[in-house]
Amino acid sequence: VPSHPVKGYLDLLLLAAITSGREHGYAIAQHLHLASNGIFDLPEGTIYPALHRLERDGLVRSRWSDVDGRKRRAYALTSAGRKELVRRRSDWESFESGVRSILAAATR
Amino acid sequence: VSGDPVADYVAELRRLLRTSPQRRRRIAHEIEDHLREAFWANESLSLKDLQDRFGTTEDLAEQFNTLASTSGKTHLTRVAACAALATACALVLPVRLTRAPHQRAQAIGSEVMVDPHSGAVVLTTQPNLVRIDPATGRRLTAGVHINH
């Protein structure tokens, strides 16, 4: 069991954040926090080892980019990353559907 | 201690990282860029503020160090696999190249064509050439299998 509930889904969330147009670590972290209405409150530093791992596994690639005179690392999905996002989204939807079905049948 | 909490945080992280100098520089640059953007207007920033929001340097360094350690093992596995493949090729290829042209075509793959008149092996698709099916060893022409 992951030490933080989000950690088990961090790869899926990062792939989704990148594909929604967030390229830099700070923007990705902000997106995860704001789009989840503050529910995902992981320490922001956690995303960097995860991004590096996704890059090592060929799911994202990165390059230095110049933003307002500052050198920043920009991430993008590879074709393998896009396929992985589809697969993980499908897994998540199956999982969510199963949990919802069980909860719907439970009495409050 | 420099009096700049971001610089102190990044320096401590660099000290704890057990990875290549190049990767250490990259990590430090990314983390510092993030922290400068997150706290640019916070004049009363403390190291504790950074650790509360970003995580402790020990936790973060441990995650990067674990990643570096597993990446090293993966790299070694790939190197070993490449070495094994190269050895296999070195042993098998000379044997293959001593065979007749049509057999060479089979060995190399279905994209290689053989001229049925000269027996020469070519790498382009031309209508007057016959395809060798590497699975069956038969010559194929116009969709008809010919016993080889």
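Sequence lines set the chain letters: A, B, ... in the order given, protein chains first and strands last, and positions in each chain run from 1.
Interatomic distance, CG of B/Asp52 versus CD of A/Glu44, reported as 11.5 Å (0.5 Å rounding). Note that CD1 of A/Ile47 and CZ of B/Phe54 are 7.0 Å apart. Values are rounded to the nearest 0.5 Å.
Nearest heavy atom pair, residue B/His34 against residue A/Ala29, reads CE1-CB, 3.8 Å. A/Gly45 and B/Leu60 make their closest contact through O-CD1, 3.1 Å (heavy atoms, listed as atom of the first residue, atom of the second, distance).
Side-chain contact check for A/Arg73 versus B/Asp33: every heavy-atom pair is 4.5 Å or farther apart. Counting heavy atoms from C-beta on, the side chains of A/Pro49 and B/Phe64 come closer than 4.5 Å. Residues A/Arg70 and B/Arg36 are in side-chain contact: their nearest non-hydrogen atoms beyond the backbone lie under 4.5 Å apart. Side-chain atoms of A/Tyr48 and B/Ile31, non-hydrogen and from C-beta on, do get closer than 4.5 Å to each other.
A continuous path of ILVMFWY side-chain contacts below 4.5 Å connects A/Leu77 to A/Tyr9, so both sit in one hydrophobic cluster. A/Leu34 and A/Ile18 sit in two unconnected hydrophobic clusters of ILVMFWY residues. Membership requires side-chain heavy atoms under 4.5 Å apart, directly or through other members. A/Trp64 and A/Tyr75 are assigned to two separate hydrophobic clusters, defined by single-linkage of ILVMFWY side chains at heavy-atom distances under 4.5 Å. Residues A/Leu13 and A/Tyr26 do not share a hydrophobic cluster, defined by chaining ILVMFWY side chains whose heavy atoms lie under 4.5 Å apart. With hydrophobic clusters built from ILVMFWY side chains whose heavy atoms lie under 4.5 angstrom apart, A/Trp92 does not share a cluster with A/Ile102.
B/Thr70 and A/Arg56 share a donor-acceptor pair across their side chains, judged by distance under 3.5 Å alone.
Surrounding CD of B/Gln22 are at most 12 heavy atoms belonging to other residues, nucleotides or ligands under 6.0 Å away. Around the CZ atom of A/Arg89, the shell of radius 6.0 Å holds no more than 12 heavy atoms that belong to other residues, nucleotides or ligands. For B/Glu62, the CD atom sits in a loose shell: 12 or fewer heavy atoms of surrounding residues, nucleotides or ligands are nearer than 6.0 Å.
The pair A/Arg72-B/Glu32 does not meet the salt-bridge criterion, since no charged nitrogen lies less than 4.0 angstrom from a carboxylate oxygen.
Chosen from B/Glu30, B/Gln51, B/Arg23, the residue pairing most often with chain A at heavy-atom distances under 4.5 Å is B/Glu30.
Between the side chain of B/His29 and the main chain of A/Lys71, a donor-acceptor pair closer than 3.5 Å is present.
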